[in-house]
Amino acid sequence: MADEKIIPAYDAEAIETKWQKIWEDEHTFKARDDSSRPKKYVLEMFPYPSGDLHMGHARNYSIGDAMARQARMRGFEVLHPMGYDAFGLPAENAAIKHNTQAGAWTHRNMAQATATMKRMGFSYDYDRMFATCDSEYYKWGQWAFLKMWEKGLAYRATSPVNWCPSCNTVLANEQVVDGKCWRCHSVPEKRELSQWYLKITDYAQELLDDLDQLTGWPENVKAQQRNWIGRSEGAEIDFALVAEDGVTPTDRLITVFTTRPDTLYGTSFFLLPPESALAAELVAGTEYEPAFLELKKSVEHVSSVDRQGSEREKHGVFSGRYVVNPLTGKPMPIWIADYILLDYGTGAVMGVPCGDQRDFEFARKYGLPIPPIIAEKDDPLYEQLKDETELKVTDVDWDRAMAAEGYLIQSGPFTGMLGGKHSPAVDAIIDYLGERGIGRKTVQFRLRDWLISRQRYWGNPIPMIHCDCCGDVPVPYDQLPVLLPENLDLGAGETLAEYAPFYETTCPVCGKPAKRITDTMDTFTCSSWYYLRYCDPHNDQEPFSKAAVDHWMGVDNYIGGIEHAILHLLYSRFWTKVMRDLGMIDLDEPFINLLCQGMVKDANGDTMSKSKGNVVPPSSVIEPYGADTMRLAILFIAPSEKDFNWDEEVVAGANRFIKRAWRTVWGLANSADSSADLNPAKLSGASADLWRRLNEMGIKCTADFDRYQFNTSISAVMELVNDASKYLVDTPEDQRDGALCARVAHDIVAMLSPICPHWAEELFHEALGFTGSIYDEPWPEFDPEQAKSSMVEIVVQIKGKVRGRAMVPADATNAELEEAAKAAAANQLVGKDIKKVIVVPGRLVNIVAI
RNA sequence: GGGGGCGUGGCGGAAUUGGCAUACGCAUCGGUCUUAAAAACCGAGGCCGCAAGGAUUGUGGGUUCGAGUCCCACCGCCCCCACCA
């Protein structure tokens, strides 16, 4: 650069330290509740403080911070809070291992993480920061539990649950991932235990329906939730139990759930799961009992991992009893089979071996008949049996079940009807059963109630007391919070259940000695409403004021990992709806727009983990290059929702760019004349070109930013910096336009400021001479008209192939374009017959000639 | 088995409604500066060909003046759920 004027070196560490202090001292990013500006709530999923922040956090928060800072420049009052999901097992395990307190360990980690957040320059309103282990917070989690208890949404029940032997606690269904504990990956055992639940199933239909209104959510997350909720339409059908004599029907009914009532004629046996109390009752004292008990025992010892998967061989035993098929009136044997689930549907299934592969395999193994009752028209069976209403063919020689679509055969009065899911035959048979009161249309969900009790110390205590006289009694509201004692001797293996000062109490109803519930709540209860608390974090009268939540909610931009697609994001939606129904808020859904960022993997594409020793700590980038380089590199390397592999070269490249942009802005600033007015009409030559590019790239940068496409938004600024740099090299100083230089420098700084905030503030003040924060400046505006050039190059195609180019005035008419194109391609059109000409103004002319 | 998504240079990736494929960056190779290196700056190619030129968005077909983009089939990859009746 020919400039004589001084350009200071870019000293990232000095600049970043300086601005971090200024932002902190001046509370630059405090969210004002009483602002007249429109609000925007930008939120990143808060971290679990298991140590310092890692690259995944850095990426998550860099995305959110860019959004928050830009929203502010767009004129919004921005709420951008941060806190800690601080309860959980790692703290307890660390405390046991190092013989310290879980709270102390957690607070040490939180302090370190906060320091890293500040070192990254994230624009949080730190005054709103809290941790879920603060009693001022978890008190209101207990409050919510009691409200749910009052409404019947919290309850205690005994049922087979997933017990993790390594974590020594039960797990929610959602926390058994691939048949393993989501946290420690050990295989849970089934245990019959008395546990506490939240009745999320009451909201199954609404949780499903409202997904449609979440237009700002990624499709795959919504699909995962739909899948998990798992709505199935079908029918319940009552089968009469046959007396022990094997022939006399009794009044006792056993109900099944099926999505395919149209296959009822093909039902040749009846199934119960080994855990079924009814099954145990039916075989009690009979010759079939020993085999049944053996099967039941074998299931207990098979892990859920092994019991899952259709490859596993099915096992079953005959119960010695029968039920009556309500359509045929014929008795069918009741079998007990290990592929039947106790907790789906009614826990009883009708076996339809011709159409269901599982039933088919079971029938083959145990020699049960496989009557065909449905066939495609091209199936020989169809020709043979299409008019047959009685069961003629009672077995088949197939080697697998047939696709269960087609026409009913040998199915009584329904023979000939089209069968299949949602088919006429389904409706007809449901109607038929309904008229006789032995069947009805029904809907089933796969979603189970949320098991929230954990037999662990470091969590929010369930605010209930068990009294031998009065049963389960809620802790009175005025006694909240039930404080978690902080002085347990975890190292010596002490638990809440053994800690008398905690559990010894008196019954609030009868006053007699009673025992507190010593289970704590799943940490996901704490993270299900923290976004509401940020709206009003210091409220000591209620969890949050309705006015504050009305003002700030919903979360306009929620950013976090895809691994929460089901767990956290489903629980939070549920909690929001519960709070709404309690009259606390007027909100159906908490998160308006959701962005799930991809993972940061190592250079080989492996996930980073301590055990693999391939973790790249944020400090290893911040120290040599600075936070701004790191933020830029993370956002530039790939689209936000995609995984990327860590690449040191990209960081070096980002640092090269940030330094080049620094020099370019200084170069422009040194040529700037801030007193002159910018008059675009007067610009010519290189200055006019730069002005046009400023508008073109400004529009692209802004549009891509608005789509959260930070990588291409950044590339637009890079192009502008490249052009500006060329302008400084190619245009002698006395020919540069001072007003233009000032404007371009300003806009480059502004457009990069959400991503490289310290860099931007420093240039804004030191190079451009502004006072006040750049985040009080409006986002620059650009004019699409000014992005157009007077002459444009169009492509000349002949039959769709590029055959030449032509420079034409931007406002040329279609006829002029056609003429220019014909002139440009004249020598290739000689002797050809022009059939048709397609003109796309400003882009191309396609001449169809033969 | 059910659901969601994806295939573009050596690499990360770009390409509003179908309209110049490979923007931007990394790596590579030249050059300037330097005693030298680094940094910085300027430039080049990207597959085939010495070249003019041609080919090219997983494969095959279709629609269209024109397809990375739309439709059909196939191949390959990723993610989620799953003995859910």
Side-chain angles (χ1 to χ4, degrees), chain A residues 1 177-179 218-232 234 256-260 263 267 271 273 307-314 337-341 343-352 355-359 361-362 444-448 562-563 565-566 598 632-633 636-639 641-645 647-654 656-657 659-660 663 697 700 703-704 707 709 711-719 721-722 725-726 729 793-802 804-805 835-849:
Chain A
M1 234 163 279
V177 177
D178 289 336
E219 249 352 280
N220 63 336
V221 174
K222 288 191 278 185
Q224 279 184 46
Q225 293 211 355
R226 280 193 194 99
N227 225 318
W228 186 262
I229 295 168
R231 185 180 195 273
S232 293
V256 299
F257 171 74
T258 178
T259 55
R260 295 296 304 278
T263 61
T267 303
L271 295 158
R307 204 175 157 186
Q308 280 171 5
S310 45
E311 326 79 47
R312 179 176 147 83
E313 192 182 338
K314 295 159 181 48
D338 62 357
Y339 70 99
I340 305 304
L341 304 173
D343 62 353
Y344 183 76
T346 61
V349 174
M350 58 187 221
V352 185
D356 184 289
Q357 183 59 22
R358 296 158 298 174
D359 295 343
E361 287 167 20
F362 190 77
Q444 273 295 323
F445 293 96
R446 216 192 63 116
L447 184 70
R448 298 277 83 92
I562 187 83
E563 66 274 16
I566 295 170
L632 181 70
F636 180 67
I637 189 168
E641 62 286 350
K642 285 191 74 167
D643 290 355
F644 73 77
N645 299 348
D647 185 350
E648 179 68 27
E649 298 293 350
V650 171
V651 182
R656 206 173 301 147
F657 169 72
K659 288 195 279 192
R660 195 153 51 87
R663 288 191 304 272
M697 289 303 126
K700 178 167 165 51
D704 286 352
R707 291 190 292 155
Q709 264 199 29
N711 57 333
T712 52
S713 183
I714 291 165
S715 79
V717 183
M718 286 175 167
E719 288 192 60
V721 169
N722 289 347
S725 162
K726 200 177 294 257
V729 170
E793 188 182 63
I794 60 159
V795 168
V796 180
Q797 294 182 337
I798 295 175
K799 287 187 73 181
K801 296 267 182 194
V802 178
R805 283 151 213 281
K835 295 274 186 201
K836 194 174 176 185
V837 178
I838 291 102
V839 179
V840 183
R843 288 192 190 271
L844 60 75
V845 176
N846 187 9
I847 300 170
V848 186

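Predicted model, so just to flag it, every value in this text is computed and none were measured. Order of the sequence lines fixes the chain letters, A, B, ..., with proteins taken first and strands second; residue numbering starts at 1 for each chain.
One P atom belongs to B:C70, the other to B:C20, and the distance between them is 16 Å to the nearest Å. Of the C1' atoms belonging to B:G76 and B:A27, the separation is 27 Å, rounded to the nearest Å. Comparing the P positions of B:G49 and B:G1 gives a spacing of 45 Å, expressed to the nearest Å.
Nearest to the side chain of A:R656, among B:A40, B:G5, B:C84, sits B:A40. Comparing atom distances between the A:S715 side chain and each of B:G13, B:C41, B:C24 picks out B:C24 as nearest. Relative to the side chain of A:E719, the nucleotides B:G13, B:C24, B:C80 differ in distance, and B:C24 lies closest. Here the side chain of A:R446 is nearest to one of B:G4, B:G43, B:C81, namely B:C81. Of the candidates B:C83, B:C41, B:C24, B:C83 carries the atom nearest the A:Y339 side chain, counting heavy atoms from C-beta on. Taking only side-chain atoms of A:T259, from C-beta outward, the nucleotide of B:A15, B:C41, B:A85 with the closest atom is B:A85.
Looking at heavy-atom distances under 4.0 Å, A:Q797 makes contact with a base. Using a 4.0 Å heavy-atom criterion, one finds that A:K835 contacts no nucleic acid atom at all. Within 4.0 Å (heavy atoms only), A:V349 reaches at least one base atom of the nucleic acid.
Side-chain to base pairing of A:K314 with B:C83: one donor and one acceptor N or O lie within less than 3.5 Å of each other. Counting distance only, with no hydrogens placed and no angle test, the side-chain atoms of A:N846 and the base atoms of B:C65 include a donor-acceptor pair under 3.5 Å. Remark: the A:R805 side chain and the B:C20 base include a donor-acceptor N/O pair separated by less than 3.5 Å.
B:A73 is paired with B:U59 under the criterion used here, namely a Watson-Crick or G-U wobble arrangement in which both key atom distances are under 3.5 Å. In a base pair of the Watson-Crick type (N1 to N3 plus N6-O4 or O6-N4) or a G-U wobble (N1-O2 and O6-N3), with each distance short of 3.5 Å, B:C20 is matched with no nucleotide. With a cut-off of 3.5 Å on both Watson-Crick or G-U wobble distances, the partner of B:G1 is given as B:C81.
Put simply, CD on A:E649 is 15 Å from P on B:G25, counting in whole angstrom units. Following rounding to the nearest Å, A:F644 (CZ) and B:G12 (C1') show an atom-to-atom distance of 10 Å. Per the geometry, CD1 belonging to A:I637 stands 13 Å off P belonging to B:A14, to the nearest Å. In this structure, A:L341 places its CG atom 10 Å from P of B:A85, rounding to the nearest Å. Summarising the geometry, the separation between CE on A:M718 and C1' on B:A23 is reported as 12 Å, rounded to the nearest angstrom.
In this structure, OG1 on A:T712 lies 11.5 Å from CE on A:M718, to the nearest 0.5 angstrom. To the nearest 0.5 angstrom, A:R663 atom CZ is 8.0 Å from A:S725 atom OG. Atom CG of A:N722 is separated from atom CZ of A:F657 by 7.5 Å, given to the nearest 0.5 angstrom.
Dashed line: the shortest gap from a side-chain N or O of A:N645 to OP1 or OP2 of B:G12 is not under 4.0 Å.
Looking at A:N227 and A:R446, their side chains never bring a donor and an acceptor atom within 3.5 Å of each other.
B:G9 takes the syn form, because its glycosidic angle lies no more than 90° either side of 0.
Cation-pi geometry between A:K314 and A:Y339 is satisfied (NZ or CZ under 6.0 Å from the ring centre, within 45° of the ring normal).
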